[in-house]
Every structure is written in structure tokens, then in C-alpha cells.
Amino acid sequence: MECLMMNGKGNFKNNIGWCFDNTYSTLPDAMLSKLAPVPVKSPKLVILNKELSKELDLNFSSLNKDELAAMFAGNILPEGSESIAQAYAGHQFGHFTILGDGRAIIIGEHLTKNKKRFDIQFKGSGLTPYSRNADGRAALSPMLREYIISESIHALNIPTTRSLAVVTTGESVMRETLLPGAILTRVASSHMRVGTFQYAAMLNNKKLLRNLINYAIDRHYSYLKGKDNLALELLKAVIQKQAQLVTDWMRVGFVHGVMNTDNMTISGETIDYGPCAFMDSYDPQTVFSSIDLQGRYAYFNQPGITKWNLSRFAESLISLIDEKEDRAIEIANEEIDNFSEIYKKNWFQMMKNKIGLFGDVDQDENLITDLLKWMHKNNADYTNTFCSLMEKDIKKEKLFEDSNFIDWNKRWNNRLGKNKKPIESSLSLMRSNNPLVIPRNHKVEECLKLASYQGDLKPMHNLIKYLKKPYEKQLGISDFQDVPKSNGNTYKTFCGT
Ligand code: AMP
Ligand code: MG
């Protein structure tokens, strides 16, 4: 493979296919620190994502187990890598904080054969200048959890960072108890966040901010190059991307759990799988994170929080939107106000897809909200209700014998008749929008326990197998569709990762 370097630095041939072309490290020093991952004692490979390796044009078959583990632990860095930790800030639960990669190192930007660019990052790679009082490390179970859920989100056709590998370090990390340490290899179209721009804005350096805007446009929105007001164009583009992303989360019942501005990407990819989880029975107020006591990041607050975060993004760009601050604020506000309209339109279309509606008919919105209200009142499982609607005959379950559901079902069938399309078209629309399987919290927990405490990886691999094809009927799938016996939404997730 010919590996062309955009920045003209280095040139290497290797039999894995690494093709590093590191551009972020050419940004001003204020935005990053150059340093290597801290080597670990005795790394062991736990899981390697063969499919993703292929998509990245990487082939690890020439490496033995020890070499693979050493590479994914950062003990030996591939040629061409120039490792960095990024500086950023962020509003965490509404409070501005200076952050940065406290336990992650980007080893470089890898180019695929067709020149797609990906950050390769080790998460849990040791102390950095941004570690504050923490240890720079990660524990095995949360890293496997990120692997499972991010790969599931990808299979659900939702933009996300991906997971290439997890290794254990042979060292322990102290959380509530001692836990096995691990490193996750995260792959992202970039790690630029709203918080990256907040950090640059805080430094009050217009040149740096302009530099960063140009860089983000080059990397993610190159079709905007040459436009007049790049700061404004970037804002508009990110508003569109994030409105789509949060619509997708709402579609599958995903609760991100920690939508701080440092956890919101400029690319529109889902990032940071700490306390996230999927909703079981439909309840708009669903919160899983044990520290989110006010429900700031509850399921139904996610669009509003997206807007709030985008306002922080707009604020950080103000000095470059217009020279006159008043005018800049006015322009930015107009764009932020548009978010609500964009989201509402997205959401409505998404919900219509979920129940197989084509065209616009009066009362469509009522039909949708009445179903959601009914689901809420009856503790109906979010995912499985839509699965049932896709069955030829609605399941003979007590839940669906409810007279309110029977009425709704009549109204729905009546409306389907107005689609002016065969029923098969509705079904196929529904099938591509309603997953049959999601990472059920009790299933994920069960697999993580076996993987981290007993070294039994089989159940995890099996779960991942089903999650890879969430829209397809698979033999034995029902075991992964079962809802927990107790109310699943009382499940708690923890940040101490
Ligand atoms: P998160 O809640 O994962 O988005 O992390 C927020 C910030 O805390 C980021 O700057 C992380 O790099 C940092 N951080 C989280 N865990 C650790 C850790 N164990 N050691 C050092 N920094 C950490
Ligand atoms: Mg984060």
C-alpha cells in the first residue's frame, strides 16, 4: 500500500497498514501536549475488532499475541505515530472546568486507503498534564462496556466513535475496590469537542481560534471551504449534525448520561460511553447515572441539553462571527433558535418512520404522542413495543388487550390505509428504524461480570454477535429481547470508570 503523507513528514512501510499522517499536532502548543503513553507491566489482549480493522485497512495477522498486546497497550508505538494529549475545557453539569485528555493519548491520525482520516486513541494510557488528581488509568469492565455499547450504536446506524481493541494492563486500578486495569483503543473521525473551542476561546487568542475553525472545517466540513463566514458556517453545520444525532438517540431509547460540553463532538459522533444506558420501559424522565440527581441528562431532556451545549459552542465562536459583538450575538442566537425547529422536524419524521407513516395527514402528531403516552402509562417496553407493532398480529399479551391500545391500534391501521403505498413499504420503513435488539442493561452487566471477574469472554462475544445486526431476525434472539423482571429503568450506572 502506498501511504501518502499530507504533512510531508516521515514515510514508512509496514505490514500492518498503519498510515499515520498527524495534523492535529501541528496546531499551536496551547492546544496539546506531546507525550507518550505510560508503559504498562504486563499487557494482554482481551478483544480485537476484526471488522473494524478491515474497515481501517489494517491487518494484524503478522503480530503474535504478545506483540498485539504491547501495541494496543502503547508499550511499543507503531512507526509514524506522534502521540499527543489534547487540551480542552467543558461545562460539566453546567459548570465550566478546564479539562484535557487526563487519561487518553492520541497516537496519531491513520489514513485508510481511500484517505479517510481517523484518530487512534488509547484510553486509560496513564498520567498526562491534564490528569488533575486522578490516576490516568481505566478499569476493564467500563472499557469493555464502552466497546460493546459503541459498537452497538454503530450497528444501529448512529454516528459514533468506535472501539478497536481492549487490553488488560497487568496492573490494578483503585476505584471503590481494586480492579483490573485496561486500555481501550478508540477510533474517531476526530476528538474535537465543543470544549476544544471553549478552551481556545478562553485563551482569548483570535488567531488560535481562527486556526482551529479552519482545521475543523478542513477535517469535517470541507465543502464549506471558501465561504465568507466560516465561524458561522461551522456553527450551522454542527447544529445540523447534533440535531440528527440526538434524534437518533431518541429513536433507539439511548440515554447518554453525561452530555457535558467536553463530551459533544464537532463531527457529530457519539462520544464518551461512561454512564450511558438504554431505556427499557418508556419513561421520558429515565436517568441511569447515579450522579445525575437532578435528571439534567434524562432521556427527554437530551434535545434541550443539546441546544444548551450548542449555545456554549456559539459563545466560543462569537469573536469570529462578527466584529461587532452585539451583532455576533444576534446572528448566533438566530441559529441556536433554529435548533428547536430542526429537531422537531427530525423527531416527527423519525417517529413517523417508527410507525410506518408516509406523507402528512392531520392528526399524525397526535397519533404518535398518544402512543407514547399510552406506553408511559402502561410501563410498556420502548424497544419491544415497536417490535410488536411490526408483527403481523400484535402479540397476544395482556398489555395489548388494554382498550386504549385497541383504540389506538384502530386509528393507526386506519392511518396506514392513507399511506398510498403497500403495507410492505410501511413494514420495511419500520424495520429499518426499529431495532429488534439493543444492549439490555442486565445482559451487558451479566457479560461484563463474567468477562472481568472470571475471564469468560464467550457470553460477551455472543452478545456482540447479536448487537451487530440489530435490525435482523436472528436465531436465538429472543433471549436478548427479554426485559428484566424488575423495572429496568431503576438500573444505575456509575462514573467511577
Ligand atoms: P469524562 O467524565 O470521562 O468525560 O471525563 C472528564 C474529564 O476527566 C476528562 O478530562 C478526562 O480525561 C478526565 N478523567 C476521567 N477519568 C480520569 C482518570 N482516571 N484519570 C485522569 N483523568 C481522568
Ligand atoms: Mg469525556
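Indexing begins at 1, ligand by ligand and atom by atom, following the structure's order.
If you look at D262 next to ligand 1, the close heavy atoms, those under 4.0 Å, all belong to the side chain. Neither the backbone nor the side chain of Y130 has any atom closer than 4.0 Å to an atom of ligand 1 (non-hydrogen atoms only).
The heavy atom nearest to atom 8 (O) of ligand 1, considering only R132, M174, R193, is found in R132. Comparing R103, Q92, Q86, R137 by heavy-atom distance to atom 16 (N) of ligand 1, the nearest is R103. The residue among G100, A134, P142 with a heavy atom at the shortest distance from atom 10 (O) of ligand 1 is G100.
Here salt bridge (charged side-chain N to carboxylate O under 4.0 Å, His left out) pairs that include residues 243-259, with residues two or more places apart or in two chains, are D248-R251.
E171 contributes no side-chain N or O that, together with a main-chain N or O of S42, makes up a donor-acceptor pair within less than 3.5 Å. The main-chain N or O of M192 is found under 3.5 Å from a side-chain atom of S190 such that the two form a donor-acceptor pair.
Counting all heavy atoms, side chain and backbone alike, Y130 lies closest to S33 at OH-OG, 2.9 Å. Across all non-hydrogen atoms, the minimal contact from I183 to G124 is CG1-O, 3.4 Å.
Distances between N or O atoms of L99 and those of ligand 1 include no value under 3.5 Å.
Below 4.0 Å from some heavy atom of G136 lie the following atoms of ligand 1, by number and element: 18 (C), 19 (N), 20 (N), 21 (C). Of all the atoms in ligand 1, the ones that sit under 4.0 Å from a non-hydrogen atom of N263 are 4 (O). With ligand atoms numbered from 1 in the order given, ligand 1 contributes 19 (N) to contacts under 4.0 Å with heavy atoms of R175. Using a 4.0 Å cut-off to heavy atoms of D135, the atoms of ligand 1 that qualify are 18 (C), 19 (N), 20 (N).
Shown are the protein N/O/S atoms under 2.8 Å from the Mg ion (ligand 2), given by residue and atom: N263 OD1, D272 OD2.
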message: Please determine whether salt bridge (charged side-chain N to carboxylate O under 4.0 Å, His left out) holds for the pair R175 and D135, giving the CA-CA distance in whole Å, both sets of side-chain angles, and the decisive distance to 0.1 Å.
response: CA-CA 10 Å; R175 296 297 180 255; D135 62 358; 2.7 Å; yes
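Looking at residues two or more places apart in sequence or on another chain, you find no side chain to side chain donor-acceptor pair (under 3.5 Å) involving Y343.
The ring pair (Phe, Tyr, Trp, His ring centres under 6.0 Å) with H91 is formed by just one residue from the set F96, Y199, F313; it is F96.
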Just list the side-chain donor-acceptor pairs under 3.5 Å for residues 454-465, sequence neighbours left out, or say none.
residue, atom, partner, partner atom, Å
D456, OD1, K458, N, 3.2

